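These notes concern the structure reproduced below.
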Amino acid sequence: MSNTSTIHSSAVISGDAQLADGVQVGPYCVIGAEVRIESGTTLGPFCWIEGPTVIGRGNQIYGQACLGIEPQDLKFHGERSTLEIGDENKIREFVTVHRGTEGGIGKTVVGNGNLLMTGVHVAHDCVIGNGTILANSATLAGHVEIGDVATVGAFVGVHQFCRVGTHAFIGGYTVLTRDALPFVKTVGVRGDAATYGINVIGLQRRGFSEQRILSLKRAYRILLQRGLRVGDAIETVLREVDLSEDVRELIRFVQSAERGFVRTAVKDSPE
């Protein structure tokens with residue numbers, strides 16, 4: 001433990017934990033063995049962190065967050081698994097993030113620059129990219145993947161093994177049992193979930209040019225609005241659309257969708 005860390009006198013910290021310079025630990029926090037926290041990270045009151053867990057630099061972890069606890073998986077029998085959290089994340093009150101399992105990838109991963117709002121739950125073996133937003137009480141079952149810069153709305157439930165693509169927008173209260181396409185707005189419940197066009201406003205806010213957005217719109221219409229089979233739709237996109245890296249990512253995602261993807265498109269979408 002660093003001599004320059006600020007530790008509240010009521011905190012309980014294992015002698016096996018490693019806290020770098022500049023870590024701040026608030027009142028009544030509990031930090032277990034095999035936890036490593038890098039410089040500049042702050043913990044609000046009543047946080048509970050168990051290891052093996054690594055937390056990077058400059059994270060803001062608010063009160064009552066619970067990180068690195070055993071997974072809620074009946075197949076878990078105490079095998080070694082980990083939680084890895086990157087840098088500059090904001091993890092708000094009552095967030096829970098569990099370690100991985102032997103039946104998964106053995107770890108749960110949260111990247112850099114993410115915002116996990118109050119009450120978010122990230123189950124075992126999930127992988128969250130960079131720059132994502134998970135709004136209040138969003139829930140990820142085990143083995144879920146969230147792509148970079150995706151937004152997952154409040155009270156969304158994502159079924160195990162589902163993926164949410166990069167720059168996707170998932171509307172509040174959605175229940176996903178299939179993959180949600182990158183760059184696309186998806187809203188609804190299970191079999192009634194539907195796509196609502198390209199996430200234009202989100203992409204504009206992130207500096208996408210009109211040409212990049214136009215190429216994605218053209219690919220979206222072919223994939224989801226012409227009534228083509230998936231293979232035929234992909235071939236049509238390859239023939240008719242400017243194959244920007246964004247469009248290639250959309251095609252790669254579709255081709256790798258083991259659970260299928262939300263494909264119902266709202267016909268009167270302005271996109």
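Note that the structure is a prediction, hence the values are computed from the model and not measured.
At a threshold of 4.5 Å between side-chain heavy atoms, the hydrophobic network of Ile, Leu, Val, Met, Phe, Trp and Tyr places Phe183 and Ile251 in one connected group. In the hydrophobic cluster analysis, where Ile, Leu, Val, Met, Phe, Trp and Tyr join through side-chain heavy atoms closer than 4.5 angstrom, Ile61 is grouped together with Ile13. Following chains of ILVMFWY side-chain contacts shorter than 4.5 Å, one can reach Val230 starting from Val241, so the two form part of one hydrophobic cluster. By the criterion of side-chain heavy atoms lying less than 4.5 angstrom apart, applied directly or through intervening Ile, Leu, Val, Met, Phe, Trp or Tyr residues, Val200 is grouped together with Leu250 in one hydrophobic cluster. Cluster annotation: Tyr220 and Phe253 are assigned to the same hydrophobic cluster (Ile/Leu/Val/Met/Phe/Trp/Tyr, side-chain heavy-atom contacts under 4.5 Å, transitive).
Residues Arg99 and His124 have side chains not in contact (no heavy-atom distance under 4.5 Å, counting atoms from C-beta outward). Residues Glu93 and Met117 have side chains not in contact (no heavy-atom distance under 4.5 Å, counting atoms from C-beta outward). You'll find the side chain of Glu84 reaches within 4.5 Å of the side chain of Thr82, heavy atoms only. Counting heavy atoms from C-beta outward, Thr186 and Phe169 have side chains that stay 4.5 Å or more apart. Counting heavy atoms from C-beta on, the side chains of Val97 and Val120 never come closer than 4.5 Å. Side-chain atoms of Ile49 and Leu83, non-hydrogen and from C-beta on, never get closer than 4.5 Å to each other. Annotation: side chain of Phe161 is not in contact with side chain of Val144 (no heavy-atom distance under 4.5 Å). Looking at His143 and Cys126, their side chains never come closer than 4.5 Å, going by heavy atoms from C-beta outward.
In this structure, a donor-acceptor pair under 3.5 Å is absent between the side chains of Tyr62 and Gln64. Thr101 and Asp125 form a side-chain donor-acceptor contact under 3.5 Å, judged by distance and modelled atom types alone. Between the side chains of Thr96 and His121, at least one donor N or O lies within less than 3.5 Å of an accepting N or O. Residues Ser256 and Arg163 bring a donor and an acceptor atom of their side chains to less than 3.5 Å of each other. Between the side chains of Asn114 and Thr132, a donor-acceptor pair is found at a separation under 3.5 Å. Side-chain atoms of Gln60 and Thr42 form no donor-acceptor pair, as typed in the model, at a separation below 3.5 Å.
Between Leu216 atom CG and Glu249 atom CD the span is 10.5 Å, to the nearest 0.5 Å. The distance from atom CD1 of Ile31 to atom CD of Glu50, rounded to the nearest 0.5 Å, is 10.0 Å. Atom CZ of Arg206 is separated from atom CG of Asp148 by 10.5 Å, given to the nearest 0.5 angstrom. Going from atom CD1 of Ile170 over to atom CD1 of Ile133 covers 13.0 Å, rounded to the nearest 0.5 Å. Note: Thr236 OG1 to Ile222 CD1 = 6.0 Å, rounded to the nearest 0.5 Å. Atoms CG and CG, from Asn89 and Leu115 in turn, are 9.0 Å apart once rounded to the nearest 0.5 Å.
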Report the C-alpha separation of Thr6 and Gln24 in whole Å, then their side-chain angles, then the decisive distance to 0.1 Å, and conclude whether the side-chain hydrogen bond (donor to acceptor under 3.5 Å, both in side chains) test is met. CA-CA 5 Å; Thr6 303; Gln24 298 181 41; 5.4 Å; no
Evaluate the side-chain contact (heavy atoms from CB on, under 4.5 Å) criterion for residues Glu70 and Phe76: first the C-alpha distance (whole Å), next the side-chain angles of each, then the deciding distance (0.1 Å), finally the verdict. CA-CA 8 Å; Glu70 287 188 0; Phe76 182 81; 3.7 Å; yes
Could you walk me through whether Val95 and Thr118 pass side-chain contact (heavy atoms from CB on, under 4.5 Å), step by step? CA-CA 6 Å; Val95 167; Thr118 301; over 6 Å; no
Step by step, would you call Arg80 with Glu34 a salt bridge (charged side-chain N to carboxylate O under 4.0 Å, His left out)? CA-CA 11 Å; Arg80 185 178 179 83; Glu34 294 191 79; 2.7 Å; yes
Stepwise, does the side-chain contact (heavy atoms from CB on, under 4.5 Å) test hold for Ile37 with Val25? CA-CA 10 Å; Ile37 303 176; Val25 180; 5.7 Å; no
Could you go step by step and tell me if Val184 and His167 meet the side-chain contact (heavy atoms from CB on, under 4.5 Å) rule? CA-CA 7 Å; Val184 170; His167 291 283; over 6 Å; no
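When all heavy atoms are compared, the tightest approach of Val152 to Ile146 is CG2-CD1, 4.3 Å. The minimum heavy-atom distance between Cys29 and Gly26, with the atom names listed, is SG-O, 3.4 Å. Heavy-atom minimum distance, Cys162 versus Leu176: SG-O, 4.0 Å. The heavy-atom pair separating Ala150 from Val164 by the smallest distance is CB-CG1, 4.0 Å. Nearest heavy-atom pair across Ser39 and Ala20 is N-CB, 3.5 Å. Residues His159 and Ala141 come closest through the heavy atom pair C-CB, 3.9 Å.
Residues that satisfy the ring pair (Phe, Tyr, Trp, His ring centres under 6.0 Å) test with Phe94, not counting sequence neighbours, are absent from this structure.
Cation-pi contact between Arg212 and Phe208: present, with separation from the ring centre below 6.0 Å and deviation from the ring axis of at most 45°.
Judged by distance alone, with hydrogens and angles left aside, the side-chain atoms of Arg248 form a donor-acceptor pair with the main-chain N or O of Leu243 at under 3.5 Å. Counting only distance, with no hydrogens or angles, the side chain of Ser14 and the backbone of Asp16 share a donor-acceptor pair below 3.5 Å. No donor-acceptor pair closer than 3.5 Å links the side chain of Thr195 to the backbone N or O of Lys185. At distances below 3.5 Å, not a single donor-acceptor pair connects side-chain atoms of Thr264 with backbone N or O atoms of Ala194. A donor-acceptor pair under 3.5 Å links the side-chain atoms of Ser81 to the main chain of Gly100, judged by distance alone. For Asn130 (side chain) and Asn112 (main-chain N/O), a donor-acceptor pair under 3.5 Å exists by modelled atom type. Proximity of a side-chain donor or acceptor of Glu102 to a complementary backbone N or O of Glu79 within less than 3.5 Å is not detected. No side-chain donor-acceptor contact under 3.5 Å links Ser215 to the backbone of Ser244.
Within a 6.0 Å sphere centred on OH of Tyr28, other residues, nucleotides and ligands contribute 12 heavy atoms or fewer. Heavy-atom neighbours of Arg190 CZ from other residues, nucleotides or ligands within 6.0 Å: at or below the threshold of 12. The environment of CZ in Arg229 is sparse: at most 12 heavy-atom neighbours from other residues, nucleotides or ligands sit within 6.0 Å. Heavy atoms from other residues, nucleotides or ligands lying under 6.0 Å from CD of Glu245 number more than 12.
Here Glu240 pairs with Arg226 in a salt bridge; the nearest charged N to carboxylate O distance falls below 4.0 Å.
A side-chain contact (heavy atoms from CB on, under 4.5 Å) with Leu181 holds for exactly one of Val262, Leu224, Leu223; it is Leu224.
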